[in-house]
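What follows is a short report on a single structure.
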Protein chains: 2
Amino acid sequence: MDQYHNPTEATLERIGGKWKTAILCLLGEQGPQPNGEMLRILSPVTQKMLTQQLKELEADGLILRTVFPEVPPKVVYELTDSGKSLQIVLDPLCAWGKRLADAAKQAEQEPGN
Amino acid sequence: MDQYHNPTEATLERIGGKWKTAILCLLGEQGPQPNGEMLRILSPVTQKMLTQQLKELEADGLILRTVFPEVPPKVVYELTDSGKSLQIVLDPLCAWGKRLADAAKQAEQEPGN
DNA sequence: CTTCATCGTAACCATTTGGTAACTATAGCA
DNA sequence: TGCTATAGTTACCAAATGGTTACGATGAAG
């Protein structure tokens, strides 16, 4: 990787995957979750995509993967401290997006439509 | 575009291009900038990429493009109010990335290397 | 011996994204 | 006539990203 042009890129590189913010928000709001549960909540994500994104998040030290040696297998994911520290990034990201969605919904009902 | 899974995606869709955060930060910190200046500061961005990203930002209402009818032509870009409102998103993004870079630099000099 | 539940992987493909290099337009200037 | 500076476009290409489908492993339950 060559130099970053500004520090935001380092952050975006870690949360930029298609499902990563959804995953991080889910784990932040609902606490540790098993794979199957995330699969349902984040539908229509596929098992492959979910696994892939989770792997990358784990490699970046943002989440922790715990396997319970049962049958059938059970795997639970949760935020690490570093992952939790992302909350201060995700919150504004979420708030700004919400404002945008609200503004769009408003515009829909305006008379000048 | 289908439904968002969470509101962060709407935000990321707008700032997610390779040079967009750099552009937004530049305009936020240094004020309005002409094309040529941005080209130099954001080097090694190419004219094509810069134009493309600027166009998308303009289409999303985040920046304003002003052409001065001179020869040779002069074009200046600046943040709109909506673009300025992104500051509260970009700042944490930037701060988190900086912390990460600092931590990495620290680890380099640690004895347990 | 087949089925189920759970999590993961492999092979393959389509789209999106980022990038290079060459071209356009215009008026001044030598 | 031909060069300069500024901003942008066009054609083309390579890499990254996201997705579908089918398959593997395991032991309990029927």
Side-chain angles (χ1 to χ4, degrees), chain A residues 1-6 8-24 26-27 32-60 63-78, chain B residues 1-6 8-24 26-27 32-60 63-78:
Chain A
M1 186 70 41
D2 43 12
Q3 297 301 57
Y4 291 121
H5 312 88
N6 86 28
T8 63
E9 300 191 8
T11 310
L12 287 176
E13 214 164 77
R14 279 162 180 79
I15 67 173
K18 176 133 178 219
W19 302 96
K20 287 189 186 173
T21 55
I23 290 170
L24 292 168
L26 173 59
L27 295 181
Q33 300 283 322
N35 175 74
E37 196 60 24
M38 303 181 74
L39 215 44
R40 272 184 288 278
I41 296 176
L42 300 181
S43 178
V45 73
T46 61
Q47 175 69 64
K48 181 204 146 188
M49 282 310 299
L50 182 59
T51 302
Q52 180 181 305
Q53 304 281 299
L54 288 168
K55 256 188 182 170
E56 292 176 9
L57 289 171
E58 193 193 4
D60 285 334
I63 65 173
L64 180 68
R65 177 177 183 266
T66 310
V67 184
F68 294 83
E70 307 168 0
V71 164
K74 186 181 171 187
V75 179
V76 167
Y77 296 92
E78 62 190 303
Chain B
M1 191 69 42
D2 44 11
Q3 297 299 59
Y4 293 122
H5 311 89
N6 85 31
T8 64
E9 300 192 9
T11 310
L12 287 177
E13 214 164 77
R14 281 162 179 80
I15 66 172
K18 176 133 176 219
W19 302 95
K20 288 190 184 170
T21 56
I23 290 170
L24 293 168
L26 172 59
L27 295 180
Q33 300 283 323
N35 175 73
E37 196 62 22
M38 304 181 73
L39 215 43
R40 274 183 287 279
I41 297 176
L42 300 181
S43 178
V45 73
T46 62
Q47 175 70 63
K48 182 204 145 187
M49 282 311 297
L50 183 59
T51 302
Q52 180 182 306
Q53 304 282 298
L54 288 168
K55 256 186 181 170
E56 292 176 9
L57 290 170
E58 192 193 4
D60 285 333
I63 65 174
L64 181 68
R65 177 177 184 267
T66 310
V67 182
F68 294 84
E70 308 169 359
V71 163
K74 186 181 169 189
V75 178
V76 166
Y77 295 93
E78 62 191 303

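Chain A is the first sequence line, chain B the second, and so forth, proteins listed ahead of strands; every chain is numbered from 1.
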d(CD, B:Glu13; C1', C:dT16) in whole Å: 12 Å
What is the separation between atom CD on A:Glu70 and atom P on C:dG8, rounded to the nearest whole Å? 14 Å
It should be established whether B:Asn35 places a side-chain nitrogen or oxygen under 4.0 Å from OP1 or OP2 of nucleotide D:dT6. no
N or O in side chain of A:Lys55 less than 4.0 angstrom from C:dG8 OP1/OP2: no
What is the distance from CG of B:Leu39 to P of C:dT20, rounded to the nearest Å? 12 Å
What is the distance from atom OG1 of A:Thr8 to atom CG of B:Leu24, rounded to the nearest 0.5 Å? 9.0 Å
Check whether any side-chain N or O of B:Lys18 sits under 4.0 Å from OP1 or OP2 of C:dG19, and answer yes or no. yes
Using a heavy-atom cut-off of under 4.0 Å over every strand shown, decide if A:Gln53 touches base, sugar-phosphate, or nothing. sugar-phosphate
Could you tell me how far apart A:Leu12 (CG) and D:dT17 (C1') are, to the nearest whole angstrom? 16 Å
Considering only side-chain heavy atoms of B:Met49, which listed nucleotide, D:dA7, D:dT26, C:dG18, is closest? C:dG18
Which residue lies more 5' along DNA chain D, comparing A:Pro73 with A:Gln52 via nearest heavy atoms: A:Gln52
Would you call A:Leu54 and A:Arg65 a side-chain contact if the rule is heavy atoms closer than 4.5 Å? no
Atom pair distance, as rounded to whole Å: CD in A:Glu56 and P in C:dT9: 13 Å
Report which part of the nucleic acid B:Tyr77 touches: base, sugar-phosphate, or nothing (heavy-atom distance under 4.0 Å, all strands). sugar-phosphate
Ignoring backbone atoms, test whether B:Lys48 places a side-chain nitrogen or oxygen under 4.0 Å from the OP1 or OP2 oxygen of C:dA22. no
When you compare the side chain of B:Phe68 with that of B:Val76, does any pair of heavy atoms fall below 4.5 Å? yes
Given atom CG of B:Leu50 and atom P of D:dT6, what is their separation to the nearest angstrom? 14 Å
Report the nucleotide, chosen from C:dG8, D:dG27, C:dA5, that has the shortest atom-to-atom distance to any side-chain atom of A:Val71. D:dG27
Between B:Arg65 and D:dG8, is there a contact of a side-chain N or O with OP1 or OP2 at under 4.0 Å? yes
Presence of B:Trp19 side-chain N/O under 4.0 Å of C:dT17 phosphate oxygens OP1/OP2: no
Counting only side-chain heavy atoms from C-beta out, which of C:dT9, D:dT6, D:dG8 sits nearest to B:Thr51? D:dG8
Do B:Leu27 and B:Met38 make a side-chain contact, defined as non-hydrogen atoms from C-beta onward lying under 4.5 Å apart? yes
Between atom CD in A:Gln47 and atom P in C:dA5, what is the gap in whole Å? 15 Å
Taking A:Lys55 first and then A:Glu58, would you say they form a salt bridge - that is, a charged N and a carboxylate O separated by under 4.0 Å? no
Taken to the nearest whole Å, NZ/B:Lys20 to C1'/C:dT17 is 11 Å
